[in-house]
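Reading through the structure tokens given below for one structure.
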Amino acid sequence: MACLEVSKEGKFKGDTEELTLDGSVDWHGRPAIRAKSGRWVAGTIVLLNQGLATLAFFGVGVNLVLFLTRVMGQNNAAAANSVSKWTGTVYIFSLVGAFLSDSYWGRYKTCAIFQVIFVIGLVSLSLSSYLSLIRPKGCGNETIPCGKHSSLEMGMFYLSIYLIALGNGGYQPNIATFGADQFDEEHSKEGYSKVAFFSYFYLALNLGSLFSNTILGYFEDEGLWALGFWVSAGSAFAALVLFLLGTPRYRHFKPSGNPLSRFSQVLVAASRKWRAQMTSNGEDLYVMDENESPTNGNRKILHTGGFKFLDRAAFISPRDLEDQKSGVYNPWRLCPITQVEEVKCILRLLPIWLCTIIYSVVFTQMASLFVEQGAAMKTTISNFRIPPASMSSFDILSVAVFIFFYRRVIDPLVGRLKKKSSRGLTELQRMGIGLVIAVMAMVSAGIVECYRLKYANSGCPHCSGTSSLSIFWQIPQYALIGASEVFMYVGQLEFFNAQTPDGLKSFGSALCMTSISLGNYVSSILVSIVMKISTEDHMPGWIPGNLNRGHLDRFYFLLAILTSIDLVLYIACAKWFKSIQLEGKYEENDMPGSFKV
């Protein structure tokens, strides 16, 4: 069969079928045909898959601490510690999944394998809960505790939940990137759709968690644990089947090999030539042919300034010329400029990534101190009691509203106001706005706490839950957190996906997850430090067990100050940042950064 050549416009010579321009391939490894692959058909499948998988994960995670106390017999401190370890493990496995995807398996295979592990873990948890853990029958609600369990039953339980952690952790950073792979960023229309995809991806994630936090959370709180876990398992299985059904339609990128060895080669090669005299125009730097590329055919990255020392790894020395003449190539002495730029890209991302951790500290308060604050407020309407944790539904609703408001109103409006570009706010600008709104959320929470203390029962100032201030006064702080997520986390997903090299896209998504993980740890450390300092001289501290005796408002204001300082540092890092410059990218390759104050 004769091979068809491809023109520069991305079409087969002698044919009218247009190819993608970003190097993506179909299931058979052939260049992907635009009309027959990817786009919103494949993107919608990924969004539905994400919503179902998120429902399944939070169906277990949202009430895991209650399961550990009511069913497994742990005390509150031990249960909270177990959940923290389990959550941290999820994020650690996200790095494992990203590494396997970028290096060896590719994103499709990685997503499929870890989803199978996820389903196995959920089915195992459902079976063990139904057959052995929920004993006597009907136990596990607020009034009937369950009996003791054997070592085998305990072992099966922990094996199940850590299989869930492995499956979800390995899958999560890859599915967002895989969905973005379905849109060709070299094509103007698909490039815009790719940006929109991340907003809808985050919306799908929130809608899945909304069902878990409300419907499944209610059934599990009533003691129907096995039912809740089986619904989660069924949702995860449906997500897997849906994902596999879309196989013929997906676009793929080939894995680029172990990035650790490529990074090490650059550092070693640069160190070996630290005394070399280089020209300033970059003409003596090594550019490898595409068929020799160590990144498996991914797009070349153009040379940029900064981190000049690393350029020495691509400097062609007299010895390198001799090796080339004799047909010898040593990657530990000479690296192509694309490989050097990979290292530069990651180094430039790290300051931005570090600045997102403080935001994650603010975000984590929604699942901890916001709930405790709500529990100390008036939670009843007539005879109906509002669970304090259910207030997070206003966060999810805020995310949904602001995603559509941003996509339909703010983004087009800013695009019209800009003179040089039709694009709206850049990712860095949106992340900065997210930090500003996060400060507003903490100030709002602090003001509500001041009034909660003011309206605490004056006849019993040290009693818990005696404030007459309604829990609905928490709505503004939840809504502001939701709005900040749309700007920060959606912008963060887009930013790391756009600014990481083709061979490290999943690693970029994993950075978002590790930011949330470190935010949890920093929050825990910060609370410990605050309590140690504020409890000196026998004082109750800012965050005692009885909030009426403390000053939670001061902690919220402290977070607002820390986030403001972080915002200043972020602006400095964003102004310093230089965007990745990919060969052939259709827009804005020559712009050194995208942040304007």
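Heavy-atom basis, side chains included; hydrogens, waters and symmetry copies ignored.
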### Task
Would you indicate whether the side-chain heavy atoms of V362 and L562 approach each other to under 4.5 Å?
no

### Task
Nearest 0.5 Å please: distance from the CG atom of L493 over to the CG atom of L511.
11.0 Å

### Query
Could you give the distance from CZ (F315) to SG (C335), rounded to the nearest 0.5 Å?
14.0 Å

### Query
Is the shortest distance from a Lys or Arg side-chain nitrogen in R107 or D102 to a carboxylate oxygen in the other one below 4.0 Å?
yes

### Query
Is any side-chain N of the basic residue among K194 and E186 closer than 4.0 Å to the acidic one's carboxylate O?
no

### Task
Would you please say whether a donor-acceptor pair under 3.5 Å links the side chains of N258 and S103?
no

### Task
Would you please test K273 and D320 for salt bridge (charged side-chain N to carboxylate O under 4.0 Å, His left out) and show each step?
CA-CA 11 Å; K273 299 175 184 176; D320 296 325; 2.7 Å; yes

### Query
Step by step, would you call L567 with V439 a side-chain contact (heavy atoms from CB on, under 4.5 Å)?
CA-CA 9 Å; L567 174 62; V439 173; 5.5 Å; no

### Query
Regarding R407 and the six-membered ring of Y192, is the cationic atom NZ or CZ under 6.0 Å from the ring centre and inside 45° of its axis?
yes

### Message
Does any part of the side chain of L349, heavy atoms only, come nearer than 4.5 Å to the side chain of W353, both counted from C-beta?
### Response
no

### Task
Give, for atom OG of S24 and atom NZ of K254, the distance between the pair rounded to the nearest 0.5 Å.
11.0 Å

### Task
Drop me the distance from Y202's OH to T54's OG1, to the nearest 0.5 angstrom.
10.5 Å

### Query
Can you check whether P173's main-chain N or O pairs, donor with acceptor, with T177's side chain at less than 3.5 Å?
yes

### Query
Do you see a donor-acceptor pair shorter than 3.5 Å between the side chains of S579 and R348?
no

### Shortest non-hydrogen contact from I580 toward A498
CG2-O, 3.5 Å

### Task
State, to 0.1 Å, how close W332 and S261 come at their nearest heavy-atom pair, and which atoms those are.
CH2-O, 4.2 Å

### Message
Side chains of Y171 and Q50: any donor to acceptor distance under 3.5 Å?
### Response
yes

#### Entry: Where I117 and L166 come nearest, the two heavy atoms and their spacing
CG2-CD2, 4.0 Å

### Message
Donor-acceptor check, side chain of T20 to backbone of D184, threshold 3.5 angstrom: yes or no?
### Response
no

### Task
Verify, without hydrogens or angle tests, whether R34 (side chain) and L19 (backbone) share a donor-acceptor contact under 3.5 angstrom.
yes

### Task
Mind listing the closest non-hydrogen atom pair of M431 and Y570 along with its distance?
CB-OH, 3.2 Å

### Message
Applying side chain to side chain donor-acceptor pair (under 3.5 Å) to N174 and S506, what does each step give before you reach the verdict?
### Response
CA-CA 5 Å; N174 292 294; S506 296; 2.7 Å; yes

### Query
Do the ring centers of F183 and F198 come within less than 6.0 Å of each other?
no

### Query
Can you tell me how far the CZ atom of F370 sits from the OG atom of S392, to the nearest 0.5 Å?
11.5 Å

### Task
May I ask you to check whether F402 and F487 place their ring centres under 6.0 Å from each other?
no

### Message
For the residue pair T364 / Y359, report whether a side-chain donor-acceptor contact shorter than 3.5 Å exists.
### Response
no

### Query
Any chance CZ of F237 has more than 12 other-residue heavy atoms, nucleotides or ligands included, within less than 6.0 Å?
no

#### Entry: E341/K300 ion pair, N-O < 4.0 Å
no

### Message
Run the side-chain contact (heavy atoms from CB on, under 4.5 Å) test on I301 and I337 for me, step by step, so that the C-alpha distance in whole Å, both residues' side-chain angles and the decisive distance to 0.1 Å come before the verdict.
### Response
CA-CA 8 Å; I301 308 175; I337 194 63; over 6 Å; no

### Message
N49 vs Q115, test: side chain to side chain donor-acceptor pair (under 3.5 Å). Steps then yes/no.
### Response
CA-CA 10 Å; N49 170 269; Q115 281 189 85; 2.9 Å; yes

### Task
Can you spot which of Y158, F93, Y91, F57 makes a ring-ring contact (aromatic ring centres under 6.0 Å, His included) with W86?
F57

### Message
Restricting to non-hydrogen atoms, name the atom on V414 and the atom on L425 that form the minimum distance, rounded to 0.1 Å.
### Response
CG1-N, 3.9 Å

### Query
Do you see a donor-acceptor pair shorter than 3.5 Å between the side chains of R249 and S37?
no

### Message
In the structure I gave you, are the side-chain heavy atoms of F577 and F495 within less than 4.5 Å of one another anywhere?
### Response
yes

### Task
Can you see which heavy atom on R262 is nearest to which on G257, and at what distance?
NH1-O, 3.1 Å

### Query
Once you round to the nearest 0.5 Å, how far does NE2 of H28 lie from NE2 of H252?
9.5 Å

### Message
Is the distance between the ring centroids of Y108 and F243 under 6.0 Å?
### Response
yes

### Task
Please tell me if the side chains of Y489 and S484 come closer than 4.5 Å, counting only heavy atoms from C-beta onward.
no

### Query
Would a 4.5 Å heavy-atom cut-off, applied to side chains only, mark S199 and E494 as touching?
yes

### Query
Do NZ/NE/NH1/NH2 and the carboxylate oxygens of D311 and K344 come within less than 4.0 Å?
yes

### Task
Any chance you could lay out the side-chain contact (heavy atoms from CB on, under 4.5 Å) test for R272 and R312, step after step, and finish with the verdict?
CA-CA 9 Å; R272 283 181 168 183; R312 298 177 184 276; over 6 Å; no

### Task
Check the pair F178, Y250 against side-chain contact (heavy atoms from CB on, under 4.5 Å), reporting the backbone distance first and the verdict last.
CA-CA 9 Å; F178 184 69; Y250 296 139; 3.4 Å; yes

